[in-house]
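Predicted, not measured: the structure shown is a model, and the values here were computed from it. All values below come from the heavy atoms of this structure, side chains included, with hydrogens, waters and symmetry mates left out. Chain identifiers are assigned alphabetically (A, B, ...) following the order of the sequence lines, protein sequences preceding nucleic acid strands; residue numbering begins at 1 within each chain.
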Amino acid sequence: MSSWIRTEYCGELRSADLGKKVCLNGWVHRQRNLGGVIFLDLRDRSGLVQVVVNPEQKEIYAIAETLRSEFVIMVKGVVSRRPEGSLNKDLPTGEVEVLADELIILNSAKTPPIYVDDSHERAANVDETVRLKYRYLDLRRPARQKNLILRHRVTKTIRNFLDEKGFIEVETPILMKSTPEGARDYLVPSRVNPGKFYALPQSPQLFKQLLMVGGLEKYFQIAKCFRDEDLRADRQPEFTQIDLEMSFIDQEVIFNLLEEMMVRLFREILGVELERPFPRLEYGEAMERYGSDKPDLRYGMELIDISSEVEDSEFGVFRNVIANQGIVVAITAPGCSAYSRKELDGLSQLAMKYGAKGLAHLALKDGQVKSPIAKFFTPQQLAHITEKVQAQEGDLVLIVADEPTVARTALGALRQEMAARLGLIPEGEYKFLWIVNFPLFEFDQEAGRYVAVHHAFTSPLPEDTPLLEEEPGKVRANAYDLVLNGMELGSGSIRIHLRAVQEEIFRIMGLTEAEAKEKFGFLLEAFEYGTPPHGGIALGLDRLVMILTGAANMREVIAFPKTTSATCLMTGTPSEVDPEQLQEVHIKSVANRKTLL
RNA sequence: GGAGCCGUGGUGUAGUCGGUUAACAUGCCAGCCUGUCACGCUGGAGAUCGCGAGUUCGAGUCUCGUCGGCUCCGCCA
């Protein structure tokens with residue numbers, strides 16, 4: 001028998017191929033046995049084509065009768081035009097069919113526990129537990145493959161782009177040193193160094209800076225990163241960054257590069273033209289106007305400070321908040337004046353999740369302002385408020401009074417919720433922006449010290465460096481975030497390249513000289529050997545692909561993702577290991593001791 | 001660490017006020033059917049209702065616990 005290796009992909013056959021003798025490999029997507037003729041939908045990565053097996057072909061007809069879903073087969077035959085009236089316009093290959101004259105079963109298959117056929121929603125509706133356990137079957141679904149193929153095109157486009165721009169892709173270690181600050185590390189015990197541990201990188205940060213010291217000048221990497229923190233829909237414990245770093249540059253160089261990269265990417269992947277330059281927003285302004293450092297600019301509904309409108313009112317809650325350096329902020333939800341008590345309670349609970357103590361509201365209906373708190377305000381005060389927030393008849397004004405960050409964050413969450421409920425978020429729009437001038441430090445109450453907002457290697461803005469000594473909390477950072485549609489897509493900074501500055505930052509963060517030397521001595525030393533000014537950025541590839549595919553969850557764009565509890569249902573990761581293995585790496589587990597106590 | 005939602009044949013769901021035979025669709029198996037394409041028709045098998053306690057004459061249904069999944073807060077420089 002001649003070769004069974006495919007000559008064509010199923011989904012690519014067209015009328016132009018009529019008369020061609022082809023050999024196909026793939027999975028039986030569906031079998032339709034009409035009692036005489038048998039139709040097979042044969043599926044491979046490229047799509048489906050209909051195969052016809054006629055009873056006259058006795059040998060292969062007998063085989064075709066035994067075929068079941070997901071059997072792996074080889075079919076040889078001639079591409080033929082379908083008879084008049086039996087064309088399928090819903091299928092790209094719908095004008096043709098393959099008349100089988102050879103058919104062999106390469107492998108049989110048990111009945112799949114999930115639907116591979118996603119012609120209907122049922123495939124996507126199968127419980128995710130089952131789909132994660134049988135991930136290899138879930139991956140056969142065209143919708144899944146589409147995401148992975150798009151992801152491939154994204155990384156390919158980015159590699160080409162950065163290569164054209166003179167970047168060198170360099171791999172950095174996966175086994176590296178645990179460093180303080182930041183997320184929890186995944187630890188790997190060392191067998192040959194008893195009691196010592198490697199850590200998996202949270203990002204290649206230090207290595208990419210050392211590559212700049214090493215004179216590479218332009219580096220990038222599609223880098224796996226690991227953070228042992230709790231998961232979210234857009235957070236996996238291992239994820240991928242598009243990581244890059246450049247020497248002899250400033251912020252503008254990075255912005256230009258990234259904007260050009262995004263323009264290229266959205267054009268090639270989605271056929272969407274992005275507008276440049278991307279808008280820039282100061283961190284403080286973003287918080288004030290949107291209650292978020294990653295605002296979604298696809299809709300308005302901005303936060304409005306009404307502190308001065310309410311400070312003279314009879315409402316004690318507002319007055320107290322203002323007296324204690326707090327603020328009163330509001331948003332206007334158009335057309336929501338008829339919200340029920342229950343709906344308002346729901347919004348109130350949302351606000352409280354973000355630390356707000358409550359949520360006040362004003363409903364503008366029947367030409368009046370209706371609200372449980374209306375009695376504390378004069379008609380004139382109410383008019384001032386509704387005017388300030390530009391509320392009209394039929395609108396609902398939501399008000400949070402609290403310490404500034406809490407008030408804004410809570411109301412920012414409400415802004416997002418209301419926009420979603422009211423359908424104000426347009427699909428197919430991509431609103432990029434840069435957030436700039438982040439604070440360099442924030443004071444961590446729990447730790448009782450300053451911690452870096454971005455990371456410890458971020459340089460302060462030159463004009464703010466005089467403040468380092470006296471008021472570290474007021475120093476702004478040479479750092480920036482790239483935000484897209486309310487998602488933090490990337491984060492970067494111009495780094496410190498002077499030893500003295502780096503030591504000062506460590507000192508402010510509460511590291512003693514000895515600690516700094518022990519943890520980061522190699523970096524400090526490197527800075528003494530001609531380190532160029534440098535900076536860079538890292539983009540979350542998974543998040544980028546989520547937006548490009550419209551995925552609601554990161555699991556949809558990762559081939560083998562983890563569950564919310566950081567496990568893999570297919571392989572059963574993580575798992576216990578043999579006591580011998582533990583002994584070899586000098587580890588004794590106390591996991592069970594806790595439960596016994 | 002905390003909150004919420006979910007868990008019923010392979011899969012997706014229904015299951016009333018707690019009432020004895022757990023329903024429907026799809027998938028699966030068998031038979032019939034020569035132009036279907038989510039083929040059709042007929043018949044059949046398939047569930048101790050996630051697990052464990054408790055309340056009750058009686059629990060898929062109520063209570064408590066536990067496990068798993070998902071979403072969110074904290075956390076994620």
Engineer: A/Val96 and A/Arg82: which non-hydrogen atoms are nearest, and at how many Å?
Structural biologist: O-NE, 3.0 Å

Engineer: If I pick the C1' atom on B/C64 and the same atom on B/A59, what distance separates them, to the nearest angstrom?
Structural biologist: 14 Å

Engineer: Taking distance alone, no hydrogens or angles, what donor-acceptor pairs closer than 3.5 Å link side-chain atoms of residues 55-64 of chain A to residues at least two apart or in another chain?
Structural biologist:
| from | atom 1 | to | atom 2 | distance (Å) |
| --- | --- | --- | --- | --- |
| A/Gln57 | NE2 | A/Ala100 | O | 3.4 |
| A/Tyr61 | OH | A/Gly35 | O | 3.4 |
| A/Tyr61 | OH | A/Gly36 | O | 2.5 |

Engineer: When the C1' atoms of B/G9 and B/G27 are compared, how many Å lie between them, rounded to an integer?
Structural biologist: 11 Å

Engineer: Using the closest heavy atom to pick a nucleotide of RNA chain B for each, name whichever of A/Ala183 or A/Asp90 lands nearer the 5' end.
Structural biologist: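 On the 5' side of the pair lies A/Asp90.
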
Engineer: Using purine N1 to pyrimidine N3 plus N6-O4 or O6-N4 for Watson-Crick, or N1-O2 and O6-N3 for G-U wobble, each under 3.5 Å, what pairs with B/C76?
Structural biologist: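 Its partner is none (no Watson-Crick or G-U wobble pair with both distances under 3.5 Å).
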
Engineer: With respect to the side chain of A/Thr564, which nucleotide from B/C70, B/U11, B/G68 is positioned closest?
Structural biologist: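 Within the option list, the nearest is B/C70.
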
Engineer: A/Thr458: what forms a side-chain hydrogen bond (donor to acceptor under 3.5 Å, both in side chains) with it, not counting sequence neighbours?
Structural biologist: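 Checked A/Thr458 against side-chain hydrogen bond (donor to acceptor under 3.5 Å, both in side chains); matches are A/His455, A/Ser493.
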
Engineer: Just the rounded figure in Å: distance from C1' of B/U11 to OH of A/Tyr134.
Structural biologist: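 To the nearest whole Å, that distance equals 12 Å.
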
Engineer: CD of A/Gln31 versus P of B/C39: gap in Å, rounded?
Structural biologist: 10 Å

Engineer: Strictly by Watson-Crick or wobble contacts shorter than 3.5 Å, is anything paired with B/A22, and which nucleotide is it?
Structural biologist: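 In the structure as shown, B/A22 has no Watson-Crick or wobble partner.
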
Engineer: Applying salt bridge (Lys or Arg N to Asp or Glu O under 4.0 Å), can you list everything that pairs with A/Glu417, at least two apart in sequence or on another chain?
Structural biologist: A/Arg421

Engineer: Between A/Lys208 (side chain) and A/Phe220 (backbone), is there a donor-acceptor pair under 3.5 Å?
Structural biologist: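 Not at all, since once roles are kept as given, no pair shorter than 3.5 Å links the two residues.
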
Engineer: If you take any heavy atom closer than 4.0 Å to RNA chain B, which residues from residues 488-496 of chain A end up in contact?
Structural biologist: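 Within this stretch, nothing sits under 4.0 Å of the strand.
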
Engineer: What's the gap between B/G69 and B/G31 when it is taken at their P atoms, as a whole Å value?
Structural biologist: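 Looking at atom P only, B/G69 and B/G31 are 42 Å apart.
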
Engineer: May I have the distance from A/Lys353 (atom NZ) to B/U71 (atom C1'), rounded to whole angstrom?
Structural biologist: 8 Å

Engineer: Would you call the rings of A/Tyr283 and A/Phe438 parallel, tilted or perpendicular, where under 30° means parallel and over 60° means perpendicular?
Structural biologist: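 Tilted, since the angle between the ring planes falls between 30° and 60°.
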
Engineer: Contact class for A/Phe457 vs. all strands (heavy atom < 4.0 Å): base, sugar-phosphate, or nothing?
Structural biologist: nothing

Engineer: Nearest-Å distance, CG (A/Asp117) to C1' (B/G12)?
Structural biologist: 14 Å

Engineer: Quote, to the nearest angstrom, the P distance that separates B/A22 from B/A47.
Structural biologist: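 The answer is 12 Å between these two P atoms.
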
Engineer: Counting only Watson-Crick or G-U wobble pairs whose two distances fall under 3.5 Å, which nucleotide matches B/A59?
Structural biologist: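 Checking every strand shown, B/A59 finds no partner, since no pair has both distances under 3.5 Å.
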
Engineer: In this structure, how many angstroms lie between the P atom of B/C70 and the CG atom of A/Asn125, rounded?
Structural biologist: 16 Å

Engineer: List for me each residue that meets salt bridge (Lys or Arg N to Asp or Glu O under 4.0 Å) alongside A/Asp101, sequence neighbours excluded, and say none if there are none.
Structural biologist: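 If we apply the salt bridge (Lys or Arg N to Asp or Glu O under 4.0 Å) test to A/Asp101, skipping adjacent residues, the hits are A/Lys21.
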
Engineer: Return the value, rounded to whole Å, for the distance between atom CD of A/Gln349 and atom P of B/C5.
Structural biologist: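 So the two atoms are 11 Å apart, to the nearest Å.
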
Engineer: Please list, chain by chain and in numerical order, all residues satisfying salt bridge (Lys or Arg N to Asp or Glu O under 4.0 Å) with A/Lys146, sequence neighbours excluded.
Structural biologist: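 Applying salt bridge (Lys or Arg N to Asp or Glu O under 4.0 Å) to A/Lys146 gives none.
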
Engineer: For B/G7, which nucleotide is its Watson-Crick or G-U wobble mate, given both distances must be under 3.5 Å?
Structural biologist: B/C67

Engineer: According to ring-ring contact (aromatic ring centres under 6.0 Å, His included), who are the partners of A/Phe443, at least two apart in sequence or on a separate chain?
Structural biologist: A/Tyr450

Engineer: When rounded to the nearest Å, what value does the distance between C1' atoms of B/U26 and B/A45 take?
Structural biologist: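 Looking at atom C1' only, B/U26 and B/A45 are 15 Å apart.
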
Engineer: Sequence neighbours left out, what passes salt bridge (Lys or Arg N to Asp or Glu O under 4.0 Å) with A/Arg449? Give chain and number order.
Structural biologist: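 Testing A/Arg449 for salt bridge (Lys or Arg N to Asp or Glu O under 4.0 Å), a comparison that skips the adjacent residues, returns A/Glu181.
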
Engineer: B/U71 phosphate, OP1 or OP2: any side-chain N/O from A/Arg555 under 4.0 angstrom?
Structural biologist: yes

Engineer: Considering only atom P, compute the distance from B/G7 to B/U63 and round it to an integer number of Å.
Structural biologist: 14 Å

Engineer: Using the C1' atom as the point on both nucleotides, what is the distance between B/G35 and B/G43, in whole Å?
Structural biologist: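 After rounding to an integer number of Å, I get 26 Å for this pair.
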
Engineer: Between P on B/C73 and OH on A/Tyr354, what's the gap in Å once rounded to a whole number?
Structural biologist: 4 Å

Engineer: State whether the side chain of A/Arg68 and the backbone N or O of A/Ser108 hold a donor-acceptor pair below 3.5 Å, judged by distance alone.
Structural biologist: no

Engineer: Taking any heavy-atom pair under 4.0 Å as a contact, classify A/Val451: base, sugar-phosphate, or nothing.
Structural biologist: nothing

Engineer: Using atom C1' of each nucleotide, how far apart are B/A25 and B/U61 to the nearest Å?
Structural biologist: 23 Å

Engineer: With a 3.5 angstrom cut-off on both distances, give the Watson-Crick or G-U wobble partner of B/G31, or none if there isn't one.
Structural biologist: B/C41

Engineer: Check the angle between the aromatic planes of A/Phe522 and A/Phe520 and answer parallel, tilted or perpendicular using the 30° and 60° thresholds.
Structural biologist: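 Aromatic pair A/Phe522/A/Phe520 classed tilted.
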
Engineer: Using purine N1 to pyrimidine N3 plus N6-O4 or O6-N4 for Watson-Crick, or N1-O2 and O6-N3 for G-U wobble, both under 3.5 Å, which nucleotide pairs with B/C17?
Structural biologist: none

Engineer: Need one value for A/Ser565: base, sugar-phosphate or nothing, where a base atom within 4.0 Å counts as base even if backbone is also close, heavy atoms only.
Structural biologist: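 The residue A/Ser565 makes sugar-phosphate contact but no base contact.
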
Engineer: Name every residue in residues 228-239 of chain A that has at least one heavy atom under 4.0 Å from any atom of RNA chain B, in order of residue number, or write none if there are no such residues.
Structural biologist: A/Glu229, A/Asp230, A/Arg232, A/Ala233, A/Arg235

Engineer: Could you tell me which residues satisfy side-chain hydrogen bond (donor to acceptor under 3.5 Å, both in side chains) with A/Asp185, sequence neighbours excluded, listed by chain and number?
Structural biologist: A/Ser178, A/Gln202

Engineer: Mapping A/Ser203 and A/Thr409 onto RNA chain B by nearest heavy atom, which one lands closer to the 5' end?
Structural biologist: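 The residue closer to the strand's 5' end, by nearest nucleotide, is A/Thr409.
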
Engineer: Would you give a per-nucleotide map of nucleotides 22-37 of chain B, 5' to 3', where B means the base has a protein non-hydrogen atom under 4.0 Å away, S means only the sugar-phosphate does, and - means neither?
Structural biologist: ----BSSSS--BBBBB

Engineer: Calculate the interatomic distance between A/Ile38 atom CD1 and B/C39 atom P; express it in whole Å.
Structural biologist: 14 Å

Engineer: Tell me the side-chain hydrogen bond (donor to acceptor under 3.5 Å, both in side chains) pairs involving residues 30-52 of chain A, sequence neighbours left out?
Structural biologist: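 Found A/His29-A/Arg43, A/Arg30-A/Asp117, A/Arg32-A/Asp41, A/Arg32-A/Gln50, A/Arg43-A/Glu70, A/Asp44-A/Ser46, A/Gln50-A/Glu97.
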
